[in-house]
Amino acid sequence: MASTKEIKNHIKSVKDTQKITNAMYLIASTKLRKAKNELDRVRPYFEALRQEIKRIFRLAGIWVDSRYFFPLNNEGPLEGTYGCLVITADKGLAGAYNKNVLREAERLLEQHKDTKLFVVGEFGRRYCGQHGIPFERSFVYTAQNPTLERAREICALLLDQYDRGELTEIFVIYTDMANSLSAVAKTTRLLPFHRDSFATPDAEKPQEVRFEFIPSVTAVLDQEVQSYVSGFVYGALIDSFCSEQNARMTAMDAANRNAENLLAELSLQYNRVRQSAITQEITELSSGARAGQS
């Protein structure tokens with residue numbers, strides 16, 4: 001049985017660890033609120049771009065030519081090299097957040113061997129290195145501070161390879177935070193788009209004034225799509241960051257509860273050992289007194 005000194009040292013160690021987990025919980029909650037506010041601000045921009053693309057299709061026709069959409073009469077998977085942007089965190093201590101994303105990436109690699117990975121986050125870089133998974137490019141800047149400028153840098157690289165024909169399809173694997181209780185790692189095809197996803201039903205088409213596209217409808221549409229892709233990646237970065245902080249809050253809250261339970265058990269054990277020691281001392285004193293009287 002452990003001594004009272006050993007139990008006291010164990011209690012002190014657990015309390016010190018609890019201070020760290022509690023601080024991490026508070027930090028994660030602060031970052032989560034900030035990131036959610038940023039996400040709420042970016043979503044209207046993302047939706048506005050989507051509506052503009054839909055309006056171009058309404059005015060010019062759904063079959064307008066663009067390299068960012070599936071070829072006419074071909075809505076199925078394309079042959080060739082795929083590109084996949086994998087968004088992970090810079091560190092762990094966030095439950096299964098990182099593992100779920102990497103599991104999705106491995107599933108995509110199994111389905112399509114000819115896939116280039118583009119990794120965001122130190123955790124993803126370390127995982128690929130440790131498991132011998134090759135990746136095309138690692139974005140070394142932190143995943144802790146997603147900005148629109150960084151999203152544009154990522155999109156510039158992906159779109160450059162896509163425009164040169166090195167990639168036929170582009171996917172994004174990120175964590176979608178539906179609410180504080182639900183966050184799901186998902187794989188979304190970023191390019192090419194399905195034309196039907198931007199089509200407007202006839203019953204919902206408003207009366208719009210015709211106007212001229214300069215230099216061409218294809219050039220205008222391609223420019224809108226590039227901005228839309230940047231907005232999507234930016235939203236995915238922020239969404240993943242929100243999910244990471246929410247997962248870390250959950251993990252730290254569970255760690256705090258486990259620490260409380262462990263402290264209760266240790267306190268009970270300490271009291272029993274201390275009581276046993278006191279009882280032993282009283283027994284020895286009583287035995288000594290009786291021996292002196294005899």
Side-chain angles (χ1 to χ4, degrees), residues 10-46 85-107 119-128 130 138-151 154 172-188 231-267:
H10 196 177
I11 291 175
K12 182 178 182 302
S13 176
V14 172
K15 287 183 176 180
D16 291 342
T17 303
Q18 190 179 30
K19 290 179 182 178
I20 296 174
T21 57
N22 187 56
M24 293 182 66
Y25 177 88
L26 295 176
I27 292 172
S29 64
T30 301
K31 289 182 177 180
L32 176 62
R33 286 195 298 270
K34 181 180 178 181
K36 287 184 69 175
N37 291 335
E38 190 68 24
L39 185 61
D40 291 339
R41 286 196 293 267
V42 74
R43 274 175 173 162
Y45 165 77
F46 181 72
L85 178 66
V86 183
I87 302 176
T88 64
D90 283 334
K91 55 186 178 181
L93 298 177
Y97 168 78
N98 290 299
K99 291 293 186 181
N100 291 337
V101 172
L102 294 169
R103 192 178 297 115
E104 282 290 304
E106 291 177 333
R107 184 179 62 81
V119 182
V120 175
E122 180 61 29
F123 193 97
R125 291 192 290 269
R126 285 202 312 269
Y127 183 89
C128 290
Q130 292 170 358
S138 171
F139 300 99
V140 296
Y141 41 72
T142 177
Q144 297 296 309
N145 185 27
T147 63
L148 185 57
E149 180 180 358
R150 290 174 175 173
I154 295 172
V172 179
I173 299 179
Y174 68 105
T175 307
D176 181 27
M177 181 177 169
N179 52 60
S180 60
L181 300 177
S182 175
V184 180
K186 61 189 301 185
T187 302
T188 300
F232 185 93
V233 171
Y234 181 45
L237 289 171
I238 295 181
D239 210 356
S240 294
F241 182 70
C242 288
S243 301
E244 176 196 349
Q245 301 309 317
N246 186 65
R248 183 161 291 113
M249 286 176 59
T250 302
M252 293 304 102
D253 183 57
N256 284 332
R257 290 198 302 269
N258 290 337
E260 290 291 344
N261 295 333
L262 183 56
L263 287 173
E265 293 176 3
L266 289 173
S267 297

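Numbers here simply count residues along the sequence, with the first being 1.
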With the side chain counted from C-beta on, respond yes when Met24 and Ile20 share a heavy-atom pair under 4.5 Å apart, and no when they do not.
yes
Student check: side-chain heavy atoms of Phe139 and Ile154 closer than 4.5 Å:
yes
Taking [Y]'s backbone N and O only, do any of them form a donor-acceptor pair with [X]'s side chain (distance below 3.5 Å, no angle check)?
X	Y	value
Ser243	Thr175	yes
Thr88	Val120	yes
Asp239	Gly235	no

Mind checking side-chain contact (heavy atoms from CB on, under 4.5 Å) for [X] and listing every partner two or more places apart, or none if nothing turns up?
X	answer
Ala28	Gln245, Arg248, Met249
Asp16	Lys12, Lys19
Lys186	Tyr174, Asp176, Thr188

I'd like a table of donor-acceptor pairs (distance under 3.5 Å, sequence neighbours excluded) in which one partner is a side-chain atom from residues 257-264, with atom names and distances.
residue	atom	partner	partner atom	Å
Arg257	NH1	Asp253	OD2	2.3
Asn258	ND2	Ala254	O	3.3
Glu260	OE2	Gln18	NE2	2.8
Asn261	ND2	Arg257	O	3.3

From Glu104 atom CD to Asn100 atom CG, the distance as rounded to the nearest 0.5 Å:
8.0 Å
Inter-residue atom distance Glu106.CD - Tyr127.OH, 0.5 Å rounding:
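One finds 3.5 Å between CD of Glu106 and OH of Tyr127.
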Taking only residues two or more places apart in sequence or in another chain, which ones pass side chain to side chain donor-acceptor pair (under 3.5 Å) with Ser29?
none
Please enumerate all residues that pass salt bridge (charged side-chain N to carboxylate O under 4.0 Å, His left out) together with Arg103, with sequence neighbours excluded.
none
Tell me the closest heavy-atom pair linking Ala236 and Val172, and the distance in Å.
CB-CG1, 4.2 Å
